[in-house]
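Quick note: residue numbers are just sequence positions, from 1.
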Amino acid sequence: QVHLVESGGGSVEAGGFLRLSCAASGVLVSRFSSRFSVGWFRQAPGEEREAVASMDMDGRTYYKDSVKGRFTISRDNAKNTLYLQMTSLQPEDAAMYYCAAAEGGLAQMKDKEGVDFWGKGTLVTISS
């Protein structure tokens with residue numbers, strides 16, 4: 001059982017930046033880095049949970065169109081940790097952000113149905 005814990009959410013002004021972190025436990029570093037894709041989803045009130053950014057075990061990435069060029073996903077395999085650097089934040093980026101992991105490739109992270117493990121979320125609020 002993989003346990004994911006997010007941190008780094010908060011409130012920023014439009015145009016600001018945040019860095020989210022997600023620490024994974026309950027899984028060997030070697031297994032997590034070689035067999036799991038990881039990523040970030042977000043869910044705003046009244047909206048569906050959507051994929052924002054993901055990365056597979058080989059470093060291939062996916063980004064939602066609206067965040068390309070502003071968000072960067074990365075993972076530190078030695079620490080079983082992934083990150084989401086968010087810049088130029090806009091009011092429409094406000095949401096609960098969830099860390100996610102799936103045993104498999106990027107296709108597993110395309111939508112919430114493919115995710116095997118979830119964090120509890122960290123809230124991002126944007127003031128305009």
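Nearest heavy atom pair, residue Ala53 against residue Leu84, reads CB-CD1, 4.0 Å. For the residue pair Ala100 and Val115, the shortest heavy atom distance occurs at CB-CG1, 3.7 Å. When all heavy atoms of Ser37 and Gly104 are compared, the closest pair comes out as OG-O, 2.6 Å. Nearest heavy-atom pair, Ala44 versus Ala94, reported as atom, atom and distance to 0.1 Å: CB-O, 3.9 Å. Minimum heavy-atom separation, Leu89 to Met86: CD2-CB, 3.8 Å.
Sorted by first and then second residue, the pairs that involve residues 33-72 and meet ring-ring contact (aromatic ring centres under 6.0 Å, His included), not counting sequence neighbours, are Phe32-Phe36, Phe41-Trp118. Residues in residues 60-97 take part in no disulfide (SG to SG under 2.5 Å) pair, two or more places apart or across chains. Sorted by first then second residue, the ring-ring contact (aromatic ring centres under 6.0 Å, His included) pairs that include residues 80-110, not counting sequence neighbours, number zero. Listed by first and then second residue, the salt bridge (charged side-chain N to carboxylate O under 4.0 Å, His left out) pairs that reach into residues 44-54 are Arg42-Glu50, Glu48-Lys112, Glu50-Lys64, sequence neighbours excluded. Sorted by first then second residue, the side-chain hydrogen bond (donor to acceptor under 3.5 Å, both in side chains) pairs that include residues 67-77, not counting sequence neighbours, are Asp65-Lys68, Arg70-Asp93, Arg75-Asn77. Among residues at least two apart or in separate chains, salt bridge (charged side-chain N to carboxylate O under 4.0 Å, His left out) pairs with a member in residues 51-62 are Asp56-Arg60, Asp58-Arg60.
For Ala102, the side chain to side chain contact (heavy atoms under 4.5 Å, CB included) partners at least two apart in sequence or on another chain are Gln108, Met109, Asp116. In this structure, Ala107 has no side chain to side chain contact (heavy atoms under 4.5 Å, CB included) partners at least two apart in sequence or on a different chain. With sequence neighbours excluded, no residue satisfies side-chain hydrogen bond (donor to acceptor under 3.5 Å, both in side chains) with Gln90. Shown here are the side-chain hydrogen bond (donor to acceptor under 3.5 Å, both in side chains) partners of Glu103, two or more places apart in sequence or in another chain: Arg31, Arg35.
Interatomic distance, CD1 of Ile73 versus OG1 of Thr61, reported as 8.0 Å (0.5 Å rounding). For the atom pair OG of Ser25 and CG of Leu4, the computed distance is 7.5 Å after rounding to the nearest 0.5 Å. From Gln43, atom CD reaches atom CG of Leu123 across 12.0 Å, with rounding to the nearest 0.5 Å.
Counting Ile, Leu, Val, Met, Phe, Trp and Tyr side chains that sit under 4.5 Å apart, directly or through other members, Met57 stands alone, with no cluster partners.
No donor-acceptor distance shorter than 3.5 angstrom exists from the side chain of Ser30 to the backbone of Leu28, with no hydrogens or angles considered.
In this structure, Met55 is a member of the same hydrophobic cluster as Val67, with clusters built from ILVMFWY side-chain heavy atoms closer than 4.5 Å.
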Give every donor-acceptor pair under 3.5 Å between a side-chain atom in residues 7-23 and any protein atom, sequence neighbours left out.
from	atom 1	to	atom 2	distance (Å)
Ser11	OG	Thr125	OG1	3.1

